[in-house]
Amino acid sequence: MKSVSVGTAVLFALFTHSAVAAGAPVKKAGGVLVDTRGMTVYTYDNDAANGGKSTCTGGCAQNWPPVQAGDAKLAAPYSTITRDDGSKQLAYKGKPLYTFVKDKKAGDKAGDKMKDVWHVVTE
């Protein structure tokens, strides 16, 4: 039986999970980012990268709910933006993140390429 040092195990764990900070409200699953419920996460082309603002408000935000940032300590490429209502939204590479109301179960991607402006987030 081969043994693995604790240090090696820790380094492996850090390497395999370094893309998402511990406690972050998203994770990688099946090659895409998903929220804590396993729902696919999207970006919106009308949001400027590093613009610090979401252009998806009102009815848009009802159909494309913002991914809430919560209190997680985030590391690049993750950050937060403050929405007009004061809530904190998670951003990836400066672009706000959303889910889609027509995705009914984990793994659904009904919003991908919707109107050529909504895109699944891949890492």
Side-chain angles (χ1 to χ4, degrees):
M1 175 185 290
K2 290 185 179 182
S3 64
V4 175
S5 74
V6 173
T8 302
V10 169
L11 285 174
F12 178 77
L14 288 172
F15 178 74
T16 58
H17 296 291
S18 63
V20 180
V26 294
K27 64 182 180 180
K28 188 175 176 182
V32 300
L33 288 183
V34 297
D35 70 4
T36 56
R37 299 175 302 128
M39 303 306 286
T40 303
V41 174
Y42 301 88
T43 57
Y44 184 39
D45 285 350
N46 290 350
D47 291 335
N50 300 311
K53 188 161 178 62
S54 168
T55 60
C56 181
T57 60
C60 177
Q62 289 175 355
N63 289 315
W64 299 90
V67 175
Q68 298 300 310
D71 295 325
K73 291 187 179 189
L74 304 171
Y78 298 93
S79 60
T80 61
I81 64 158
T82 302
R83 295 184 58 80
D84 290 344
D85 65 4
S87 64
K88 299 292 184 184
Q89 183 175 358
L90 187 66
Y92 176 72
K93 295 184 178 179
K95 294 207 52 139
L97 299 176
Y98 307 86
T99 56
F100 184 45
V101 296
K102 292 189 179 180
D103 286 348
K104 298 300 180 188
K105 64 185 184 322
D108 284 355
K109 298 177 189 150
D112 194 24
K113 300 181 180 91
M114 178 77 64
K115 298 185 180 182
D116 294 323
V117 294
W118 292 96
H119 308 283
V120 168
V121 179
T122 58
E123 270 195 330

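All values reported here derive from a predicted model rather than from experimental measurement. Counting begins at 1 with the first residue of the sequence.
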Kindly give the cluster partners of Met39, where membership spreads through any ILVMFWY side chain lying under 4.5 Å from a current member.
none

Between the CG atom in Leu97 and the OG atom in Ser79, the distance rounded to the nearest 0.5 Å is 8.5 Å

Looking at Val34, Val121, Thr99, which hits side-chain contact (heavy atoms from CB on, under 4.5 Å) with Val67?
Thr99

Find the distance between CD1 (Ile81) and NZ (Lys53) and round it off to the nearest 0.5 Å.
8.0 Å

Show the numbers, then the answer: is there a side-chain contact (heavy atoms from CB on, under 4.5 Å) between Val26 and Tyr78?
CA-CA 10 Å; Val26 294; Tyr78 298 93; 3.7 Å; yes

Return all side-chain donor-acceptor pairs below 3.5 angstrom for residues 110-119, not counting sequence neighbours, or 'none' if the list is empty.
{"from": "Asp112", "atom 1": "OD1", "to": "Val120", "atom 2": "N", "distance (Å)": "3.1"}
{"from": "His119", "atom 1": "NE2", "to": "Asp45", "atom 2": "OD1", "distance (Å)": "3.2"}
{"from": "His119", "atom 1": "NE2", "to": "Asp45", "atom 2": "OD2", "distance (Å)": "3.0"}

Which atom of Tyr98 lies closest to which atom of Thr55, heavy atoms considered
OH-N, 4.3 Å

Can you name the residues that form a salt bridge (Lys or Arg N to Asp or Glu O under 4.0 Å) with Lys88, not counting sequence neighbours?
none

Atom CG in Asn50, atom NZ in Lys95: separation rounded to 0.5 Å?
10.0 Å

For Asp85, salt bridge (Lys or Arg N to Asp or Glu O under 4.0 Å) partners two or more places apart:
none

With sequence neighbours excluded, residues passing side chain to side chain donor-acceptor pair (under 3.5 Å) with Lys109:
none

Provide the closest heavy-atom pair for Pro25 versus Leu90 in the form atom of the first, atom of the second, distance.
CG-CD2, 3.8 Å

Table please: side-chain donor-acceptor pairs of residues 57-65 below 3.5 Å, with sequence neighbours left out.
{"from": "Asn63", "atom 1": "ND2", "to": "Gly59", "atom 2": "O", "distance (Å)": "3.4"}

Going by the rule side chain to side chain donor-acceptor pair (under 3.5 Å), which residues pair with Thr40 if we only count those two or more places apart in sequence or in a different chain?
none

Contact list for residues 30-42, test salt bridge (charged side-chain N to carboxylate O under 4.0 Å, His left out), sequence neighbours left out:
Asp35-Arg37

Only pairs at least two apart or in different chains count here, so list each disulfide bond (SG atoms under 2.5 Å apart) that has a residue in residues 85-123.
none

Looking at every non-hydrogen atom in both residues, tell me the closest pair between Arg83 and Ser54 and how far apart they are.
NH1-OG, 2.9 Å

Could you list the residues that satisfy side chain to side chain donor-acceptor pair (under 3.5 Å) with Asn46, not counting sequence neighbours?
Tyr44

Under the salt bridge (Lys or Arg N to Asp or Glu O under 4.0 Å) rule, collect the residues that match up with Asp108, sequence neighbours excluded.
Lys105

Residues passing the salt bridge (Lys or Arg N to Asp or Glu O under 4.0 Å) test with Asp47, sequence neighbours excluded, are none

